[in-house]
Amino acid sequence: VVPSFADWCAVAVREENSIRTVAVAHVNPAKVELAHELGRRYQRDPDARQGSAQVIRTGRSELYAEIPDPLLVRVARDEEHLRTLRALGLCSSLIVPLVGRGPPIGALTLVWAESNHRYSEEDVALMEDLGRRAGFALENARLYGETQSAVRLRDEFISIASHELKTPLTSLRLKVDGILRVVANAASAPIDLAKLTARVHGVDRQLGRLTELVDALLDVSRAAAGQLQLRLEDVDLGAVVQAAAERFKDDLAAAGCSLSVVVAGPGGTQGPIFGRWDRLRLDEVITNFLSNAIKYGAGKPIQIRVFASKTTATIEIEDQGIGISAADQQRLFERFARVVSPEHYGGLGLGLWIVKLLIEAMGGKVAVRSTVGHGSVFSAELPRQGSASA
Amino acid sequence: LTEAPADCQRTILVVDDDASIREALADLLGDEGYRVTTATNGAEALSLLRPPDELRPCVILLDLMMPVMNGQEFYLEQQRDPALAAIPIVVISADGNVALKASAFGGEYLAKPVRLETVLGVLGRICN
């Protein structure tokens, strides 16, 4: 485009709440640097009523056959900006939208300056065609990038999932080999029944672990397809929490964590906290929260608080573990959002994403507050509407 | 393959963050007359090898992906310590690329899930 159709050419694209210049061209590299410098110093106003922002919004080209001084005065942010713009000797400009398959994704700004040419109506159609070609190219590049990162994410997930599956498989393999050895030696030595029994129990436990892992993987694909089925019934939240806490007794002891559970109904009253929820899914949520608290807060106390108003019920799990930085808290509930390296903490990196899906499916919301080095509080707030007993 | 220290007395150090794997190896290798000591990560293993314990195993069976200190980090620390560098390492990991990993550790690499006979075979060669 430069220098046949313009002295200056700039490509701006729309991002979530802003417009970003992604490329600037001029025969003179020093001028390109100047343009970048101006871009850094004077942030583009995404709501501007003229220029590339307006072209991106409306999809209609803007032709400035002449750039008179009053236009520069109107565009300039301050005296220095105005001086710089005047010094560039801009004399004519054409801004066309970059259009792909949908609404405009950006704008192409062409400027004649030192070569003293002018844009006319005839140039508009030609450049709009260029804008369409560039728009498609840009959109394809973006889609390609998104596909690439989705594939990367999937590959990473498969490698983490296979590692997680191989762990119970390894102890299963070893225990079965151990049983085969006992059986093979049966001719020469009496079978040690106690040893055999212990190994079979070990096999049983590893099969349980494998089943849970496979279920979790299936949950992920169901959730991804939006096919989570809920079985709503009247559930006492306090009772579900107590049962989960009881089940974790051995894990808590092994990790050196003490656990306290505090349950309080509306106004601090005792008694059950009923709501219309899916009991198994609630258990899954609490299991997830609790195993995270043990994993990241080993050796420190953990507290679960369950409290309710007339309309909502809330579970909070507080650990005193490694904590989560503000930036990581933002993406904690995303799919595959593992904020610590898999090298150091195992797991699928899907737990909290599933928790969020489950709680939202029951009409609630999840949250986290945390300080690095001091611990985290995870919470789930659920509506109590629909329950006969609420 | 490196040889085990002469006075190691069939002692094996198992380093793995998974309790069921530690327990299975301790049980099964114990059956074959090995004395098994376990650690849940690299840092725990180092503290067993250094004073006051100064454990001197014939072999260290080492997992790679572990919390606190992983297998690679442990291996580097071990190689830096002249008192420990000679102890043979056998990596047992679910990490896929076997050939690459074996060359990085200059020793045996066993892929999970591993068979008991394979572990016994390797230990037999190093310890006897």
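Each chain gets a letter, A, B and so on, in the order the sequences are listed, and its residues count up from 1.
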Using the side-chain contact (heavy atoms from CB on, under 4.5 Å) rule, take Arg181(A) and Leu120(B) through it: C-alpha gap first, then chi angles, then the decisive distance, then the call.
CA-CA 12 Å; Arg181(A) 259 174 116 76; Leu120(B) 291 175; 3.6 Å; yes

Need one label for Asp16(B): side chain, backbone, both or neither, based on atoms under 4.5 Å from any heavy atom in chain A.
neither

Kindly compute the distance separating CD1 (Ile179(A)) from CG (Leu116(B)), expressed to the nearest 0.5 Å.
11.5 Å

Carboxylate-amine/guanidinium contact Asp18(B) Lys166(A), below 4.0 Å
no

State the CG-OG1 distance between Asp63(B) and Thr167(A), to the nearest 0.5 angstrom.
7.0 Å

Salt-bridge test for Arg199(A) and Glu23(B): reply yes if a basic N is under 4.0 Å from a carboxylate O, no otherwise.
no

For residues Ser171(A) and Arg22(B), is any side-chain donor paired with an opposing acceptor at under 3.5 Å?
no

Starting at NZ of Lys112(B), measure out to CG of Leu174(A) and round the result to the nearest 0.5 Å.
9.5 Å

Is chain A contacted by the side chain of Leu29(B), its backbone, both, or neither, given a heavy-atom distance below 4.5 Å?
neither

Filtered by a 4.5 Å non-hydrogen cutoff, the part of residues 31-52 of chain B contacting chain A is Asp31(B), Glu32(B)

Derivation and outcome, side-chain contact (heavy atoms from CB on, under 4.5 Å), residues Ser20(B) and Gln206(A)
CA-CA 8 Å; Ser20(B) 71; Gln206(A) 298 314 309; 3.1 Å; yes

